[in-house]
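Reviewing the structure listed below.
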There are 2 protein chains.
Amino acid sequence: MSVSNLTDHLGYWLRMVSNAVSQDFARKVASEGVTVAEWVFMRALFEKDETAPTALAARMGMTRGAISKLADRLEAKGLVERLEAGGRGQILSLTPEGRSKVPALARMADENDAEYFGGLSRDDQAALARLLGSLVERRGLGTIPLD
Amino acid sequence: MSVSNLTDHLGYWLRMVSNAVSQDFARKVASEGVTVAEWVFMRALFEKDETAPTALAARMGMTRGAISKLADRLEAKGLVERLEAGGRGQILSLTPEGRSKVPALARMADENDAEYFGGLSRDDQAALARLLGSLVERRGLGTIPLD
DNA sequence: CGAGATTTGTTTCCTAGTCAACATGAAATG
DNA sequence: CATTTCATGTTGACTAGGAAACAAATCTCG
């Protein structure tokens with residue numbers, strides 16, 4: 001009947017490794033009262049504050065709905081604030097408290113990465129980065145609107 | 001202050017690519033009325049039928065609770081059945097209908113993989129497979145109990 | 001044998017994110 | 001200008017899965 005092996009699919013292993021990495025990371029940042037998506041959200045604003053929700057959605061590869069709810073949670077935690085921007089538009093910005101949390105979280109991200117990928121040789125790490133970068137570029141994943 | 005870039009982390013790119021691949025695949029298999037997790041579940045049984053829920057959970061890297069719910073859904077769709085196995089234990093098995101769906105789904109998995117990774121050279125594909133395999137092994141992800 | 005310890009599958013609670021419908025404001029077109 | 005079109009952010013319904021508390025059955029040893 002010729003059914004390809006499940007384990008032949010790169011997508012399968014990619015999902016398996018990615019889930020493991022993310023779950024471990026989730027446990028780590030939970031100690032700071034933050035989820036992975038919230039961290040990405042904050043990190044994105046840290047890099048370029050004062051961003052509109054729609055733009056952030058594109059950058060994070062999520063829907064506007066998800067961003068809206070994330071913003072709700074982060075606002076409730078006092079880490080992010082919504083600034084009005086004429087008419088219906090709004091601007092998302094880190095609060096000082098939110099901003100002050102970023103370094104500790106970044107350290108956790110470093111640790112988690114080291115824990116998973118530190119075992120690979122320098123060359124292998126570079127190769128993995130190159131391959132992922134190539135895939136991202138090919139499918140226009142990071143390219144959306146970084147404006 | 002020295003905060004590492006979000007994009008410096010391999011875990012970040014891994015998640016980004018993995019999510020994109022999985023989401024696309026999800027759309028494809030949805031046409032067969034199945035989700036990604038359901039496909040992995042069925043594929044695992046196709047490879048080795050008559051497996052206990054706990055063993056399957058380990059193989060799929062999910063909790064027993066998730067498997068329990070997945071089994072509910074698949075049973076409702078008539079694709080999987082629960083066989084009693086003495087006392088509290090049970091055995092999961094594909095129904096003929098479930099089994100007959102596997103080849104079409106496998107073809108979709110092939111297509112999706114080709115769509116994402118087909119653009120890479122043979123060498124790059126092999127390299128990616130090797131790196132992912134190495135990460136899986138290092139963290140004992142697939143190794144759990146394949147008994 | 002029998003009381004505690006383990007294992008197994010289920011359930012509840014919670015967080016998360018997609019999709020689609022919506023409301024509201026801005027822009028475009030006649 | 002008025003009206004249609006479009007873009008923006010929000011909401012509700014739904015699917016998903018983890019964590020932890022459970023119930024039921026089995027094991028383990030004194």
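Proteins get letters first, then strands, A, B, ... in listed order; numbering begins at 1 in each.
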Report the residues that fulfil side-chain contact (heavy atoms from CB on, under 4.5 Å) with [X], sequence neighbours left out, ordered by chain and then residue number.
| X | answer |
| --- | --- |
| A/Ser18 | A/Ser22, B/Leu14, B/Arg15, B/Ser18 |
| A/Ala127 | B/Leu131 |
| B/Thr51 | B/Leu45, B/Lys48, B/Ala55, B/Leu56, B/Arg59 |
| A/Thr63 | A/Ala66 |

Does B/Arg82 place a side-chain N or O at less than 4.0 Å from the phosphate oxygens OP1/OP2 of C/dT8? no
Between D/dT15 and B/Thr35, is there an OP1 or OP2 to side-chain N/O distance shorter than 4.0 Å? no
Could you pick out which residue, A/Arg27 or A/Ile91, lies toward the 5' side of DNA chain D when each is mapped onto its nearest nucleotide? A/Ile91
Mind listing the N/O atom pairs, protein and nucleotides 11-14 of chain C, below 3.5 Å?
unit_1: C/dT12; atom_1: O4; unit_2: B/Lys69; atom_2: NZ; d: 3.3

Between atom [atom1] in [X] and atom [atom2] in [N], what is the gap in whole Å?
| X | N | atom1 | atom2 | answer |
| --- | --- | --- | --- | --- |
| B/Leu56 | C/dT8 | CG | C1' | 14 Å |
| A/Met62 | D/dT10 | CE | C1' | 15 Å |
| A/Gln23 | D/dA19 | CD | P | 7 Å |

Between B/Arg27 and B/Asp24, does any NZ, NE, NH1 or NH2 come within less than 4.0 Å of an OD or OE carboxylate oxygen? yes
Please tell me which of the listed nucleotides, [options], lies nearest to the side chain of [X]?
| X | options | answer |
| --- | --- | --- |
| A/Thr54 | C/dG17, D/dT8, D/dA16 | D/dT8 |
| A/Gln90 | C/dG17, D/dT10, C/dT15 | D/dT10 |
| B/Thr63 | D/dA19, D/dG9, C/dC19 | D/dA19 |
| A/Ala37 | D/dG18, C/dG17, D/dT8 | C/dG17 |

Partners passing salt bridge (Lys or Arg N to Asp or Glu O under 4.0 Å) against B/Glu75 (at least two apart in sequence or in another chain): B/Arg82
Could you work out, with salt bridge (Lys or Arg N to Asp or Glu O under 4.0 Å) as the rule, every residue matching A/Lys101, not counting sequence neighbours? A/Glu32
For the pair B/Tyr116 (side chain) and B/Ala20 (backbone), establish whether a donor and an acceptor sit closer than 3.5 Å, ignoring hydrogens and angles. yes
Considering only distance and modelled atom types, tabulate donor-acceptor pairs under 3.5 Å from the side chains of residues 117-124 of chain A, sequence neighbours left out.
unit_1: A/Ser121; atom_1: OG; unit_2: A/Asp124; atom_2: N; d: 3.0
unit_1: A/Asp124; atom_1: OD1; unit_2: B/Arg130; atom_2: NH2; d: 3.1
unit_1: A/Asp124; atom_1: OD2; unit_2: B/Arg130; atom_2: NH1; d: 3.4

The helix from C/dC1-D/dG30 to C/dG30-D/dC1: angle between end helix axes, five pairs per end, rounded to 10 degrees: 10°
